[in-house]
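Notes follow once the structure below has been shown.
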Protein chains: 2
Amino acid sequence: MSDDLARILTARGYRLTAARRVILDTLSESGEHLTADELTEQVRQRSTAIGRMTVYRTLDLLCDLGLMRPVYQGTGAAHYVLMRDGHHHHLICTGCGRVVEFDECALDEAHEKIARRFGFEVEGHLLEFYGVCEVCRSKAAAN
Amino acid sequence: MSDDLARILTARGYRLTAARRVILDTLSESGEHLTADELTEQVRQRSTAIGRMTVYRTLDLLCDLGLMRPVYQGTGAAHYVLMRDGHHHHLICTGCGRVVEFDECALDEAHEKIARRFGFEVEGHLLEFYGVCEVCRSKAAAN
DNA sequence: TCTATAATTGATACAAAGTATCATTTATAA
DNA sequence: TTATAAATGATACTTTGTATCAATTATAGA
Ligand SMILES: [Zn+2]
Ligand SMILES: [Zn+2]
Ligand SMILES: [Zn+2]
Ligand SMILES: [Zn+2]
């Protein structure tokens, strides 16, 4: 998985440094939705001497390449999500903050429509549903 | 427009204070996608003595009520968007950062599906398409 | 293999964004 | 009008993100 990312980096002329290798590995193995500083912490458990700046810059680079995207999840910090095949989908409980990911989407026609209408070449999307999960709903019902 | 927001606040038992009135008015009249501190600045042009904290807290409240939502738009700060009828849609150029809003969406069936499958009661959504706008595309073609 | 080059790094310092606290003020209901 | 709890705003603080630059390192070419 991190090999995919690595390959894209080199293909686009970016260097595959030791630090980037560790960061990509960490990203793909640990769960997603990490903030930059959370990722830094995890990266440092594998390789102590990697600077915070390098993590920030690597995330920026991945975002520039369209491979990741910062999203907001309640706290002040940006959480970075992988844009697999260009898209990413969340279901977020407004009660407890739980974030569920889902894969299927049917937005291909929407891509087309939008592309034609606004002259955009659409490359991907983020879709987030907000609502109340089962647990929170039953808690609310109990009151 | 800000009356709608105000009505919801009072209906839910929140007080309609002078500060909140100004903040809601500013929000609905000035363009959207403001950061908290940008909004504070605009609010203070109308009523000097309103504290930054109050603006932050009011935005938090509106988010809790599902009326707004923070989204990331490049910079470090969260931009707050109104969730009219529960949803909000963007088209974002990855070249120049331009943000276009569009209204139509066809996600009602998707709401249904997701609700059934995950036991969520879906209340709204955010949809963001990423791509390259006409201008940026022609620039790229010129190289 | 060795060297020249530019990309990348990480330390440092800094700016911006968001949070916690608490005495004071104010909207609301009685 | 008054009692009450909600809301405010000043202050101080933590976290998150950005700028800078000398030192390091990956890569291409000799
Ligand atoms: Zn929940
Ligand atoms: Zn999708
Ligand atoms: Zn553009
Ligand atoms: Zn919609």
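Chain identifiers are assigned alphabetically (A, B, ...) following the order of the sequence lines, protein sequences preceding nucleic acid strands; residue numbering begins at 1 within each chain.
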>> OP1 or OP2 of D:dG9 versus the side-chain N and O atoms of B:Thr54: is any pair under 4.0 Å?
In response: yes
> For B:Arg20 and D:dT8, is the shortest distance between a side-chain N/O and OP1 or OP2 below 4.0 Å?
Replying inline: yes
> Starting at the 5' end of DNA chain C and moving along, which residue's nearest nucleotide shows up first, A:Val55 or B:Thr10?
Replying inline: A:Val55
Over how many whole Å does the gap from [X] atom [atom1] to [N] atom [atom2] extend?
X       : N      : atom1 : atom2 : value
A:Asp60 : D:dT16 : CG    : P     : 16 Å
B:Asp37 : C:dA15 : CG    : P     : 16 Å
B:Met53 : C:dA20 : CE    : C1'   : 9 Å
A:Leu16 : C:dA7  : CG    : P     : 17 Å
B:Tyr56 : D:dT8  : OH    : C1'   : 17 Å
A:His79 : D:dG17 : NE2   : C1'   : 14 Å
A:Leu9  : D:dT27 : CG    : C1'   : 15 Å
A:Glu41 : D:dT16 : CD    : C1'   : 14 Å

>> Please determine whether any donor N or O and acceptor N or O are separated by less than 3.5 Å between the side chain of B:Arg15 and the base of D:dA7.
In response: no
> Below 3.5 Å, does any donor atom in the side chain of A:Arg57 face an acceptor in the base of C:dG10, or the other way round?
Replying inline: yes
>> Apply side chain to side chain contact (heavy atoms under 4.5 Å, CB included) to residues B:Leu27 and B:Leu62 and explain how you reach the verdict.
In response: CA-CA 11 Å; B:Leu27 257 181; B:Leu62 293 171; 3.7 Å; yes
>> Could you measure the distance from the NE2 atom of A:His79 to the OG1 atom of A:Thr35? Nearest 0.5 Å is fine.
In response: 6.0 Å
>> Check the orientation of B:His88 and B:His33. Use parallel for under 30°, tilted for 30 to 60°, and perpendicular for over 60°.
In response: perpendicular
>> Strictly distance-based, threshold 3.5 Å: is any side-chain N or O of B:Tyr72 a donor or acceptor partner for the main-chain N or O of B:Thr75?
In response: no
>> Here's a test of your reading of the structure: between B:Thr75 and B:Arg52, which maps to the more 5' nucleotide of DNA chain D?
In response: B:Arg52
>> Nearest heavy atom decides the nucleotide; on that basis, is B:Leu61 or B:Tyr72 closer to the 5' end of DNA chain D?
In response: B:Leu61
> Which one, D:dG17, C:dT9, C:dA17, comes nearest to the side chain of A:Ala78?
Replying inline: D:dG17
>> On the six-membered ring of A:Tyr130, is B:Arg69 placed so that its NZ or CZ lies under 6.0 angstrom from the centre and within 45° of the ring axis?
In response: yes
